[in-house]
Amino acid sequence: MKLILDGASGQFTPGVTVKEVVKTLWPDSASQVLACFMAGDVLELGSPVDTPGELTSINYLHEEGRRIYERSLRFVLLLAMRRLYPKLILRNEHSVGQGVYMEIDNHRLTAADVSALEGHMRDIIQEDLPFILERWSKQDAIAYFRDRGDLDKANLLSYRPFDHFNMYSCGGLLEYFYGAMLPSTGYTQVFALQHHAPGLVLLLPDRADQSRPAPFISLPKQMAIFAQSNYWCKVLNTSTAAGLNDLVAQNQLRDFIRVNEALHNQSLSDIAQDVIKRQARVIFISGPSSSGKTTFANRLSIQLRVSGLSPRLISLDDFYRNRDELPLEEDGMPDLEALDALDVPLFRECVTSLLNGQETAMPRFDFRDQRRKPEPVMMQVTALQPLIIEGIHALNPALHGGFDPQLVCKIYISQLTTLNLDYHNRIRTTDARLLRRIVRDYQFRATPPERTLIMWDSVRRGEEKWVFPYQEQADIMFNSALHYELPILKTISYNILQQVPKNSVHYVKCSRILKILNYFLPVSPEVFNEIPPLSILREFIGGNTLYMKDTTSQLMADWPEDLV
């Protein structure tokens, strides 16, 4: 049979492994290939290929490749934990830089503990133990994990809508990971452990130089906001998907929503008081895509009005250059994420004029024509009218640098979920934001999900370059995650995601989200009534009374019975 890999072709016997195909067609770069795409599926290196077709290699620079490597390396760490500390439970918490922060239940790790774990991991990697794929029934797996004391995993699997799934064994340890793995521990040579009390950071290969571990980057403000989110999980008594499903099954989600929203309200009120104490005249709000920046800016404005101020909202989108003036990406398409897509000199001129009390001509951008409107809007503010400026570049010093720092307050907002599938399988914040964006784009921008997936890589590159490097410069951070949102988003999005064809090169992103959503129960339509009209989630699902048309009722009418 004929197989094509990255343009090179050859004849192979059915049953040939992906690894053998790679070595045959691309021997010089075979060591860099971690898996392959074929017909919408991710094939592990040890997977047999039985039909002719075209394969695309996956390396570490590909998002899926990094996930495969991380997944396999986490298994090595779990095996080292089992050998060194068999009675302790390791929990994956969240990403930090190019690594993953982890903690152990009821145990504070020392630097010596972390060093010992790293040594055991390197021994396991040297042994080159195979990751053996096994097919298990759901009942057998649940019984196994319950007997082992992993109740979080047993409870999670009880909600899974499939009877069989893949388990992996390695060195006498059985684990479940929702995704492909490498063939053996020997493939995970590059890593490091960094002590970060009370836990550790598992550092992955540096994307700029995969021969060495990524450097540890201290992000104290981000870590603090994640710690706050973990605290909220404890307050809400729900830190895993199974716990959230229990609330849905027991008809307790509505009360859960109320507490979630109350925590957001409390945080917003505290932020408003902080802004007032700073006597800020200009409030810059930045964050990655689908963080809820617009709703947050409006709600902060309301909170400030309660204290007697009259804020004026300014969107950086109005300072976009005309489409024919935009910088271009390598593919020749306009780079909407670049700082130069904004008329920065005009922005600084307008803000300076407003702070000086002058009447100022403010631009307005027409997204339909992709051009600035010919007639500006005049604006003038007083000392009691702080400017609230939101956009992805708002924390860039090119915008706020040079203004009196005593008049400036910088706020970073992101969806930083700490709700995980179980202790060993985390839900990435980028996946949660992508799901938000798919739902919003489909409803309010008439954008099919595949189009959103196509744009996502460019959006992510823009975030890495223009947003994340400045997050630690923020004076205040706000976590827009709502711990109840995934069942809500599943109920709306599950059928929408089915529109992405399996032969799409972007299907793997869709598949990852669907795998996550398969672990959550959908909710009944009446639960949506509990979500307040000013909730950040309303920016994505509809019904936000600030600025959006309510489409939720129509969506609910379109839902199939098996999802409601």
Side-chain angles (χ1 to χ4, degrees), residues 63-64 66-68 70-71 74 78 90-96 99-103 150 152-153 155-161 165 175-180 199 202 204 222-223 225-234 236-248 253 256 260 288-292 414-439 453 456 460 463 479-494 497 508-523 536-537 540:
E63 173 68 20
E64 187 63 24
R66 292 193 294 274
R67 294 186 184 222
I68 292 170
E70 179 195 318
R71 213 175 282 130
R74 283 192 285 115
L78 290 175
L90 182 70
R91 289 188 291 109
N92 288 274
E93 295 291 348
H94 53 78
S95 61
V96 53
V100 184
Y101 177 69
M102 304 177 181
E103 290 185 2
D150 288 342
D152 62 306
K153 198 176 259 71
N155 292 338
L156 173 71
L157 295 179
S158 68
Y159 285 107
R160 195 170 189 269
F165 56 93
E175 279 296 332
Y176 172 63
F177 294 99
Y178 65 107
L202 174 64
L204 302 167
Q222 185 194 67
M223 294 293 289
I225 206 70
F226 271 121
Q228 181 193 55
S229 185
N230 275 326
Y231 170 75
W232 284 4
C233 281
K234 292 178 182 178
L236 300 168
N237 198 28
T238 301
S239 58
T240 64
L244 192 52
N245 284 337
D246 289 342
L247 295 177
V248 176
L253 190 64
F256 187 70
N260 269 239
S289 175
S290 303
S291 295
S414 188
Q415 204 276 21
L416 300 172
T417 183
T418 54
L419 181 76
N420 287 323
L421 291 178
D422 57 44
Y423 285 170
H424 299 156
N425 291 288
R426 64 192 179 104
I427 298 173
R428 295 170 184 250
T429 58
T430 54
D431 290 337
R433 289 193 292 109
L434 175 55
L435 181 58
R436 279 181 170 187
R437 178 154 178 161
I438 287 171
V439 171
L453 294 172
W456 190 242
R460 292 283 292 117
E463 293 170 353
N479 186 358
S480 70
L482 288 156
H483 299 292
Y484 69 82
E485 69 181 83
L486 285 174
I488 300 291
L489 292 172
K490 171 181 179 167
T491 308
I492 296 176
S493 69
Y494 203 83
L497 290 166
V508 64
K509 300 186 188 78
C510 177
S511 178
R512 284 199 297 255
I513 293 177
L514 286 171
K515 285 181 179 179
I516 293 171
L517 295 181
N518 279 331
Y519 290 99
F520 289 93
L521 295 176
V523 301
I536 281 179
L537 191 59
F540 306 96

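Predicted, not measured: the structure shown is a model, and the values here were computed from it.
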N92 CG to L421 CG distance, which is reported to the nearest 0.5 Å: 11.0 Å
dist I427:CD1 -> R512:CZ (nearest 0.5 Å) comes out at 14.0 Å
For A481 versus R436, what's the shortest heavy-atom pair and its separation? CA-NH2, 4.0 Å
Provide the closest heavy-atom pair for L537 versus Y484 in the form atom of the first, atom of the second, distance. CD2-CE1, 3.6 Å
Using a 4.5 Å cut-off on heavy atoms from C-beta on, say whether the side chain of R67 contacts that of E63. yes
Looking at side-chain heavy atoms only, is the closest gap between T430 and R460 below 4.5 Å? yes
So CD of Q415 and OG of S229: to nearest 0.5 Å the spacing works out to 8.5 Å
I'd like to check L157 versus F165 (side-chain heavy atoms, cut-off strictly below 4.5 Å). Are they in contact? yes
With F520 as reference, evaluate I516, V523, N518 under the side chain to side chain contact (heavy atoms under 4.5 Å, CB included) test and give the passing residue. I516
Can you tell me if N260 uses its side chain to pair, donor with acceptor, with the backbone of L482 under 3.5 Å? no
A side-chain contact here means heavy atoms from C-beta on lying under 4.5 Å apart; do N420 and H94 qualify? no
Can you see which heavy atom on S414 is nearest to which on S291, and at what distance? CA-OG, 3.4 Å
Roughly how far apart are C510 SG and I438 CD1, rounded to 0.5 Å? 6.5 Å
If we only count heavy atoms from C-beta on, is the L517 to L435 side-chain gap below 4.5 Å? yes
Between atom CG of L416 and atom OG1 of T418, what is the distance when rounded to the nearest 0.5 Å? 9.0 Å
Return the CG to CD1 distance between L434 and I513, rounded to the nearest 0.5 Å. 4.0 Å
Using the test side chain to side chain contact (heavy atoms under 4.5 Å, CB included), find all partners of T238 that sit at least two apart in sequence or belong to another chain. L244, L247, F256, L419
Would you please name every residue forming a salt bridge (charged side-chain N to carboxylate O under 4.0 Å, His left out) with E70, sequence neighbours left out? R74, R426, R428
To check you understand the geometry: which heavy-atom pair defines the closest contact between F226 and S95, and what is its length? CE1-O, 3.9 Å
If you compare all heavy atoms of N245 against all heavy atoms of Y519, which two are closest, and at what distance to 0.1 Å? ND2-O, 2.6 Å
Excluding sequence neighbours, so at least two apart, what forms side-chain hydrogen bond (donor to acceptor under 3.5 Å, both in side chains) with E93? R91, N230
Considering only heavy atoms from C-beta outward, does the side chain of D150 approach that of Y176 to under 4.5 Å? no
